[in-house]
Amino acid sequence: MTLTRKLTLAAFAGALALSTAIPAFSADLIAIITPAHDNPFFKAEAVGAEAKAKELGYEALVMTHDDDANKQSEMIDTAIGRGAKAIILDNAGADASVAAVKKAKDAGIPSFLIDREINATGVAVAQIVSNNYQGAQLGAQEFVKLMGEKGNYVELVGKESDTNAGIRSQGYHDVIDDYPDLKSVAKQSANWSQTEAYAKMETILQANPDIKGVISGNDTMAMGAIAALQAAGRKDVIVVGFDGSNDVRDSIKAGGIKATVLQPAYAQAQMAVEQADAYIKNKTSPKEEKQLMDCVLINADNASKLETFALAK
């Protein structure tokens, strides 16, 4: 073999080895970043976004930040490094996420936020969120009705850094506080966690054995609350959640949790991908950055129609 041919083959082999060491780069990649998938709501977001992205011809990079803003920032870096065309993000904090979204924008990558807002405008292309206040009022109205407009009750609140937690709580109180015979005996954050809600509910129940109801900021905490109540033999306590999960659907059908509020996680995520596709292909932005999707009350009357955060027509 000639020296020239040997050198050529060596160069080719070296280039091949180098190419395998470089992270994969896709010209048609959409990054999908959400909180952990052990919460079925966030899993539904990721599944919906990924399905729509693949339907539209994109590769999907699905990651979870576990509500850790530092981890989220690293994932934004990964999306930038991979040359993502857009980022679909359910963020890790209204304030803590602004810098990460801006970092993506500065790198030329548009972000489409779902479920949770950030405390800034003009940084993300879209912020598509459930109408949490409207949904909370629906849930509170049903709660008041189920409680017979009187009795002691408990509120479980979501993660304090999450704007949605405060909006839902405000929506609840703007209805419930109009009924003077409904008395709040405890209001505690369980950080959207089923395990934490179970523990908090056990403690609250020991201190307030006469409670008649629990209104929860999400379904995961509602599931923790109902489990603690059932373990204590308290099947008489009214529990209302918020999200529209299959777990709560099944509990409603079995006579456990009495109601929840559906926010369309799957449809919301798919809408974000469709808007990202329009932006990638035509630089078309939505008419409004902040977009609200109304929620729907779920109770024994329509629970059988609920499937994966969507209500069958």
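Atoms considered below: every heavy atom in the structure, side chains included; atoms not considered: hydrogens, waters and symmetry mates.
Distance check, rounded to the nearest 0.5 Å: OG1 of Thr34 to CD1 of Ile32 gives 9.0 Å. The distance from atom CD of Glu50 to atom CD1 of Ile88, rounded to the nearest 0.5 Å, is 12.5 Å. Rounding to the nearest 0.5 Å places CG of Asp236 at 8.5 Å from CD1 of Ile211.
Partners of Glu274 by side chain to side chain donor-acceptor pair (under 3.5 Å), not counting sequence neighbours, listed by chain and number: Lys52. For Tyr153, the ring-ring contact (aromatic ring centres under 6.0 Å, His included) test picks out Phe143, with sequence neighbours left out. Residues passing the salt bridge (charged side-chain N to carboxylate O under 4.0 Å, His left out) test with Lys145: none are found, sequence neighbours excluded. With sequence neighbours excluded, the residues forming a side chain to side chain donor-acceptor pair (under 3.5 Å) with Lys71 are Asp66, listed by chain and number. Partners of Asp301 according to the salt bridge (charged side-chain N to carboxylate O under 4.0 Å, His left out) rule, which considers only residues two or more places apart in sequence or in another chain, do not exist here. In this structure Lys281 satisfies the salt bridge (charged side-chain N to carboxylate O under 4.0 Å, His left out) test together with Asp277, sequence neighbours excluded. Looking at residues two or more places apart in sequence or on another chain, you find no side chain to side chain contact (heavy atoms under 4.5 Å, CB included) involving Glu74.
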List the atom pairs, donor and acceptor, that lie under 3.5 Å between side-chain atoms in residues 251-261 and the rest of the protein, sequence neighbours left out.
residue: Ser251; atom: OG; partner: Ile257; partner atom: N; Å: 2.9
residue: Lys258; atom: NZ; partner: Gly255; partner atom: O; Å: 3.3
residue: Thr260; atom: OG1; partner: Asp219; partner atom: OD1; Å: 2.6
residue: Thr260; atom: OG1; partner: Asp219; partner atom: OD2; Å: 3.3
residue: Thr260; atom: OG1; partner: Phe242; partner atom: N; Å: 3.2
residue: Thr260; atom: OG1; partner: Asp243; partner atom: N; Å: 3.4

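Pairs of residues two or more places apart, or lying in two chains, that qualify as side chain to side chain donor-acceptor pair (under 3.5 Å) and include a residue from residues 220-233 are Asn39-Thr220. Note on residues 194-209: pairs passing salt bridge (Lys or Arg N to Asp or Glu O under 4.0 Å), not counting sequence neighbours, are Glu196-Lys200. Legend: salt bridge (Lys or Arg N to Asp or Glu O under 4.0 Å) pairs involving residues 104-133, not counting sequence neighbours, sorted by first then second residue: Asp67-Arg116, Asp90-Arg116, Lys102-Asp106, Arg116-Asp162, Glu117-Lys290.
Residues Glu155 and Ser169 have side chains that bring a donor and an acceptor to within less than 3.5 angstrom of each other. Gln270 and Glu55 share no side-chain donor-acceptor pair at under 3.5 Å. Inspection of the Tyr279 and Gln275 side chains reveals no N or O donor paired with an N or O acceptor under 3.5 Å.
Looking only at side-chain heavy atoms (C-beta outward), Leu138 and Gln141 come within less than 4.5 Å of each other. At least one side-chain heavy atom of Val157 sits less than 4.5 Å from a side-chain heavy atom of Lys187.
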Exercise for the section: List the steps, then state whether side-chain contact (heavy atoms from CB on, under 4.5 Å) holds for Asn208 with Val154. Expected result: CA-CA 9 Å; Asn208 303 276; Val154 171; 5.6 Å; no
Practice task
Decide yes or no on side-chain contact (heavy atoms from CB on, under 4.5 Å) for Ile128 and Met293, but give the supporting numbers first.
Solution key: CA-CA 8 Å; Ile128 307 170; Met293 297 181 72; 4.0 Å; yes
Practice task
Could you please spell out the steps behind the side-chain contact (heavy atoms from CB on, under 4.5 Å) verdict for Val101 and Asn91?
Solution key: CA-CA 9 Å; Val101 177; Asn91 71 76; 5.8 Å; no
Exercise for the section: Evaluate the criterion side-chain contact (heavy atoms from CB on, under 4.5 Å) for residue pair Asp38 and Gln194; output intermediate values, then yes/no. Expected result: CA-CA 10 Å; Asp38 57 356; Gln194 183 168 335; over 6 Å; no
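Val237 and Val248 fall within the same hydrophobic cluster, where Ile, Leu, Val, Met, Phe, Trp and Tyr residues are linked whenever their side-chain heavy atoms come under 4.5 Å apart, directly or through other members.
Among all heavy-atom pairs drawn from Gly93 and Ile118, the shortest one is O-CG2, 4.4 Å.
The hydrophobic cluster around Tyr266 extends to Val47, counting ILVMFWY residues whose side-chain heavy atoms fall within less than 4.5 Å of a member.
Heavy-atom contacts from other residues, nucleotides or ligands closer than 6.0 Å to NZ of Lys212 number more than 12.
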